[in-house]
Chemist: 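I'd like to ask some things about the structure below.
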Amino acid sequence: MSKNIAIDGPAGAGKSTIAKRCAKELGYIYVDTGAMYRAMAIHFIDRGTDVTDEDAIKAECADVKIDIQYENGEQQVILNGKNVTGRLRKEEVGKMASKTSAYRCVRTKLVELQKEIAAKENVIMDGRDIGTCVLPNADLKIYLTASAEKRAKRRYDELVAKGETPSLLELKKDIENRDYQDMHRQESPLKQADDAILVDTSDMGIEEVTKRILELFNK
Ligand code: DC
């Protein structure tokens, strides 16, 4: 049977960086489920779907096909046969994904795909509902978090390094809004599973967090 590690937590806690590192150390596949919700969001953006209309979303869900492939260990997301990986991290896509991931039809479709992958492969999967819904029997569950200040500051530093001039206050507000939406939706809201181990990365570096998770897994 395949081995599974679930990492959940709010936006900007460092889930993907840490999960990628752990996956490399363990020789597991890293599955970024946020990327799947983002690919669905791209579909709605491209189709001009009215995202306040649940029937329109349902109709689109019936048609859309999302596949995951790996190229040199990097996850590629294929939307209706087209590789959309390059568009996933755009701000408008993240904002749309936060809205459309609240719909049950969107979640049902993607959770099914996530379960299929985890049944076949040793995976480390990150998201919001992995420990609570997707992999309730995961071998290890981590809830990775950090203060909104620290998460905003990390994002700020990333953008500054890219030559942008963001507002730290705006970034913190965005993060708090996203947390609120993800934690208060009806369908699979973000929450720590009862059997998940809380890791607060506010005052921890990437190496330290990776080491801690690997230690917990090897126990
Ligand atoms: O982790 P991320 O920023 O790439 O996720 C984009 C959005 O998708 C986020 O606002 C919440 C949603 N999401 C979700 O509802 N469930 C998951 N398992 C992963 C992401």
Side-chain angles (χ1 to χ4, degrees), residues 4-20 22-23 29-45 49 51 54 57 60-61 64 66 68 74-77 79 84-118 123-136 138 141-146 148 150-152 154-155 158-159 171-193 196 199 201:
N4 300 160
I5 300 175
I7 302 191
D8 290 298
K15 296 187 299 293
S16 65
T17 308
I18 302 296
K20 265 189 206 161
C22 292
I29 287 180
Y30 164 54
V31 184
D32 172 1
T33 64
M36 301 180 189
Y37 288 94
R38 285 171 182 264
M40 284 293 253
I42 289 177
H43 180 70
F44 299 131
I45 292 170
T49 313
V51 296
E54 188 163 5
I57 295 272
E60 288 294 342
C61 277
V64 66
I66 308 260
I68 296 297
E74 290 288 325
Q75 176 177 299
Q76 306 290 315
V77 187
L79 168 66
V84 293
T85 311
R87 291 176 63 193
L88 296 175
R89 306 307 310 172
K90 295 232 160 72
E91 206 55 36
E92 61 155 351
V93 172
K95 282 197 178 145
M96 180 64 96
S98 183
K99 282 188 201 140
T100 54
S101 61
Y103 285 110
R104 181 181 290 185
C105 55
V106 172
R107 305 203 68 83
T108 306
K109 186 149 195 138
L110 297 182
V111 167
E112 196 181 312
L113 173 64
Q114 291 154 14
K115 285 187 171 179
E116 261 173 38
I117 299 171
V123 298
I124 179 155
M125 190 176 274
D126 78 357
R128 305 293 190 287
D129 60 338
I130 311 304
T132 51
C133 295
V134 182
L135 304 175
K141 296 182 188 177
I142 301 288
Y143 190 82
L144 203 69
T145 189
K150 284 282 164 83
R151 288 184 283 137
R154 287 175 192 160
R155 182 83 185 121
E158 263 172 34
L159 293 172
L171 288 174
K172 183 164 169 268
K173 254 196 253 161
D174 276 357
I175 280 188
E176 284 167 344
N177 286 341
R178 181 87 77 86
D179 285 358
Y180 188 87
Q181 268 186 59
D182 292 346
M183 289 173 179
H184 292 86
R185 66 181 181 219
Q186 216 171 350
E187 297 294 328
S188 315
L190 167 65
K191 73 175 169 96
Q192 184 178 345
V199 178
T201 69

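Read the numbers this way: they start at 1 and go in the same order the structure lists the ligands and their atoms.
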Chemist: Please list the nearest protein heavy atom to atom 7 (C) of ligand 1 with its residue and the distance rounded to 0.1 Å.
Modeler: Ala97 CB, 3.8 Å
Chemist: Please confirm whether Arg185 approaches ligand 1 to less than 4.0 Å, judged on its heavy atoms.
Modeler: yes
Chemist: From Ile68 CD1 over to Met36 CE, what is the distance, rounded to the nearest 0.5 angstrom?
Modeler: 4.0 Å
Chemist: Using heavy-atom distances only, which candidate in Ser98, Ala6, Ser101, Gly127 approaches atom 10 (O) of ligand 1 most closely?
Modeler: Ser98
Chemist: Give me each pair satisfying salt bridge (Lys or Arg N to Asp or Glu O under 4.0 Å) with a member in residues 99-114, each pair once, sequence neighbours excluded.
Modeler: Arg104-Glu187, Arg107-Asp129
Chemist: Would you check if the side chain of Arg128 reaches a backbone N or O of Ser188 as a donor-acceptor pair within less than 3.5 Å?
Modeler: no
Chemist: Answer yes or no: is there a side-chain heavy-atom contact under 4.5 Å between Thr33 and Val134?
Modeler: no
Chemist: Does even one non-hydrogen atom of Arg107 get within less than 4.0 Å of ligand 1?
Modeler: yes
Chemist: Would one find an N or O of Asp32, backbone or side chain, under 3.5 Å from an N or O of ligand 1?
Modeler: no
Chemist: Counting from 1, what ligand 1 atoms have a heavy atom of Arg178 closer than 4.0 Å?
Modeler: 3 (O), 10 (O)
Chemist: Which protein heavy atom lies closest to atom 19 (C) of ligand 1, and at what distance to 0.1 Å?
Modeler: Thr33 OG1, 3.4 Å
Chemist: Taking only heavy atoms of Asp182 into account, list the atoms of ligand 1 that are under 4.0 Å away from them.
Modeler: 9 (C), 10 (O), 11 (C)
Chemist: Roughly how far, to the nearest 0.5 Å, is NZ of Lys20 from CG of Asp126?
Modeler: 9.5 Å
Chemist: So which protein heavy atom does atom 6 (C) of ligand 1 come closest to, and at what separation?
Modeler: Arg38 NE, 3.8 Å
Chemist: Non-hydrogen atoms of Lys95 versus ligand 1: any pair closer than 4.0 Å?
Modeler: no
Chemist: Return yes if some donor-acceptor pair links the side-chain N/O of Glu60 with the main-chain N/O of Thr49 below 3.5 Å, else return no.
Modeler: no
Chemist: Which atoms from ligand 1 have a heavy atom of Arg89 less than 4.0 Å away?
Modeler: 4 (O)
Chemist: Please write down residue, atom name and distance for the protein heavy atom closest to atom 1 (O) of ligand 1.
Modeler: Arg128 NH1, 2.9 Å
Chemist: Before giving the answer on salt bridge (Lys or Arg N to Asp or Glu O under 4.0 Å), spell out for Arg154 and Glu158 the whole-Å C-alpha distance, their side-chain angles and the decisive distance to 0.1 Å.
Modeler: CA-CA 6 Å; Arg154 287 175 192 160; Glu158 263 172 34; over 6 Å; no
Chemist: Is there a nitrogen or oxygen of Tyr37 sitting under 3.5 Å from a nitrogen or oxygen of ligand 1?
Modeler: no
Chemist: How long is the span from the CG atom in Asp8 to the NZ atom in Lys15, to the nearest 0.5 Å?
Modeler: 8.0 Å
Chemist: Could you check whether any side-chain heavy atom of Ser16 comes within less than 4.5 Å of a side-chain heavy atom of Tyr30, counting everything from C-beta outward?
Modeler: yes
